[in-house]
**Student:** 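I am attaching a structure below and will ask some questions about it afterwards.
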Protein chains: 2
Amino acid sequence: MTTRRDAVHDTLRQSEGFRSAQDVYAEMRQHGAKIGLTTVYRALQALADGGHVDVLRTDDGESVYRACATGEHHHHLVCRRCGRTVEVEGPAVERWAETVGTEHGFTEITHTVEVFGTCSSCSRTSLAG
Amino acid sequence: MTTRRDAVHDTLRQSEGFRSAQDVYAEMRQHGAKIGLTTVYRALQALADGGHVDVLRTDDGESVYRACATGEHHHHLVCRRCGRTVEVEGPAVERWAETVGTEHGFTEITHTVEVFGTCSSCSRTSLAG
DNA sequence: ATCGGTTTTGACAACCATTTTCATTTTGCA
DNA sequence: TGCAAAATGAAAATGGTTGTCAAAACCGAT
């Protein structure tokens, strides 16, 4: 039997961008999956804790998740319109964060970096329509 | 009469780091201010909209605010223990975000960058205690 | 198969920051 | 002074997320 966690993970993998727990739940139900909202939340958390999916917060405080191609540290370029996401790297940013933290006497430095924009197909749409 | 918004702004100015709406409210009440929670929320939003204070989200989804020295675009180095915050600039990061977005055909690029760490006095404390 | 014991599940209730509502108070201004 | 518009705040509503707990699924041992 496919564990629910895998089912959640699969659902996420089929998505282009970041999806909320509620989104994932709704989609799974629509496809006939028998699963509860609580379980989706738990699965998502477990996946996130294990580093199998990335999490970020939308402007209105919702947590959104995404199954990324790599487990390596990376950042995201997210279309603010359709949510399409590109994984990007930025060694320069990593170094900058580390440096700036150290310079001020901080230790155990971590950072969050997200880039937002309007993707080409969305800006086309807005010009046309 | 000092408008409530100014009172909220002042309270924020006296803080070292980022404070939540509830924090600000509690502190104002403690100092004898007659103000409602709703008003604090509204004032904080207005201040944020006007670019007079910076906002960010804690890991648990709470919005926290800070009256920053400058209205210019800048980022923060925040102590994850005590919340002490240093304002930092990173021209390299700005350029990187812009470049990476443009390369992928995105327009109207914005970004969020926050650096977290443990400040020197907090790491001393943890070693001692 | 069947019996414990452990883990997972999920309906529902509880949480809690934030928003909305709306009646009251304050303000701005003629 | 009067009156419309804006600000206020107590209380209720909202909504994503988490806690509770009993039922269901799982698993190794008999």
Side-chain angles (χ1 to χ4, degrees), chain A residues 1-12 15 17-67 78 80 83 112 114, chain B residues 1-12 15 17-67 78 80 83 85 112 114 116:
Chain A
M1 169 207 199
T2 302
T3 156
R4 322 286 181 158
R5 210 175 77 169
D6 288 339
V8 169
H9 201 174
D10 287 344
T11 303
L12 223 42
S15 296
F18 283 84
R19 312 290 305 269
S20 72
Q22 313 260 357
D23 274 354
V24 172
Y25 171 69
E27 180 156 334
M28 292 182 79
R29 299 294 293 218
Q30 237 159 38
H31 286 297
K34 287 265 188 39
I35 194 170
L37 182 55
T38 311
T39 305
V40 173
Y41 272 104
R42 275 194 289 240
L44 252 13
Q45 273 169 202
L47 253 10
D49 286 350
H52 299 105
V53 306
D54 289 353
V55 200
L56 61 85
R57 296 258 179 187
T58 61
D59 276 345
D60 52 305
E62 223 179 348
S63 293
V64 288
Y65 304 82
R66 180 164 196 268
V78 185
R80 66 165 65 80
T112 68
E114 306 298 338
Chain B
M1 169 206 198
T2 301
T3 156
R4 322 285 181 157
R5 209 174 79 170
D6 288 338
V8 168
H9 201 174
D10 287 344
T11 302
L12 224 42
S15 296
F18 282 85
R19 312 289 306 269
S20 73
Q22 312 261 357
D23 274 354
V24 171
Y25 171 69
E27 179 156 335
M28 292 182 79
R29 299 294 292 219
Q30 238 160 38
H31 287 296
K34 286 265 188 40
I35 193 171
L37 182 55
T38 309
T39 306
V40 172
Y41 273 104
R42 275 193 288 239
L44 251 14
Q45 273 167 203
L47 253 9
D49 286 349
H52 299 105
V53 305
D54 289 353
V55 200
L56 61 85
R57 296 259 178 186
T58 60
D59 275 345
D60 52 305
E62 222 180 349
S63 293
V64 287
Y65 305 81
R66 180 165 197 268
V78 186
R80 66 166 65 81
T85 299
T112 68
E114 305 298 338
F116 300 92

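Here is the naming used below: chain letters follow the sequence lines, and residue numbers restart at 1 for every chain.
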**Student:** Where the side chain of B:T39 is defined as all heavy atoms beyond and including C-beta, which of D:dG16, D:dG9, C:dG10 is the nearest nucleotide?
**Tutor:** D:dG9
**Student:** What are the two closest non-hydrogen atoms of A:Y25 and A:L37, and how far apart are they?
**Tutor:**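 Looking at all heavy atoms of both residues, the closest pair is CE1-N, 3.3 Å.
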**Student:** For A:R4 and D:dC26, what is the distance between atoms CZ and P respectively, to the nearest whole Å?
**Tutor:**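 My rounded result for the distance is 8 Å.
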**Student:** Counting only side-chain heavy atoms from C-beta out, which of C:dT18, C:dT19, D:dT17 sits nearest to B:Q45?
**Tutor:** C:dT19
**Student:** Using a 4.0 Å heavy-atom cut-off across all strands, classify B:S20 as base, sugar-phosphate, or nothing.
**Tutor:** nothing
**Student:** How many Å lie between CZ on A:R42 and C1' on C:dA11, as a whole number?
**Tutor:**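 In whole Å, C:dA11 C1' lies 11 Å from A:R42 CZ.
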**Student:** Please answer whether the main-chain N or O of A:D59 pairs with a side-chain N or O of B:R57 as donor and acceptor at a distance below 3.5 Å.
**Tutor:** yes
**Student:** Would you find a donor on one side and an acceptor on the other, under 3.5 Å apart, between the side chain of B:R5 and the backbone of B:T39?
**Tutor:** no
**Student:** Can you tell me how far P of C:dT9 sits from CG of A:L44, to the nearest Å?
**Tutor:** 13 Å
**Student:** Classify the side chain of A:T38 versus the base of C:dA11 as yes if they form a donor-acceptor pair under 3.5 Å and no if they do not.
**Tutor:** yes
**Student:** Tell me: CG of A:L37 to P of D:dT18, nearest whole Å?
**Tutor:** 11 Å
**Student:** Whole angstroms only, please: what is the CZ-C1' distance between A:R57 and C:dA17?
**Tutor:** 11 Å
**Student:** Would you check if the side chain of A:R29 reaches a backbone N or O of A:I35 as a donor-acceptor pair within less than 3.5 Å?
**Tutor:**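 Yes, because the side chain of A:R29 sits within donor-acceptor range (under 3.5 Å) of the backbone of A:I35.
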**Student:** Separation of B:I35 atom CD1 from D:dT8 atom P, in whole Å?
**Tutor:**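 The answer, rounded to whole Å, is 7 Å.
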**Student:** Just how far, in rounded Å, is P of C:dT19 from CD of B:E62?
**Tutor:** 12 Å
**Student:** Compare side-chain N and O positions of B:Y41 against OP1 and OP2 of C:dT18 and report whether any pair is under 4.0 Å apart.
**Tutor:**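 Answer yes for this pair, as a side-chain N or O of B:Y41 is under 4.0 Å from OP1 or OP2.
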**Student:** Rounded to whole Å, please give me the gap between CZ in B:R19 and P in C:dT18.
**Tutor:** 14 Å
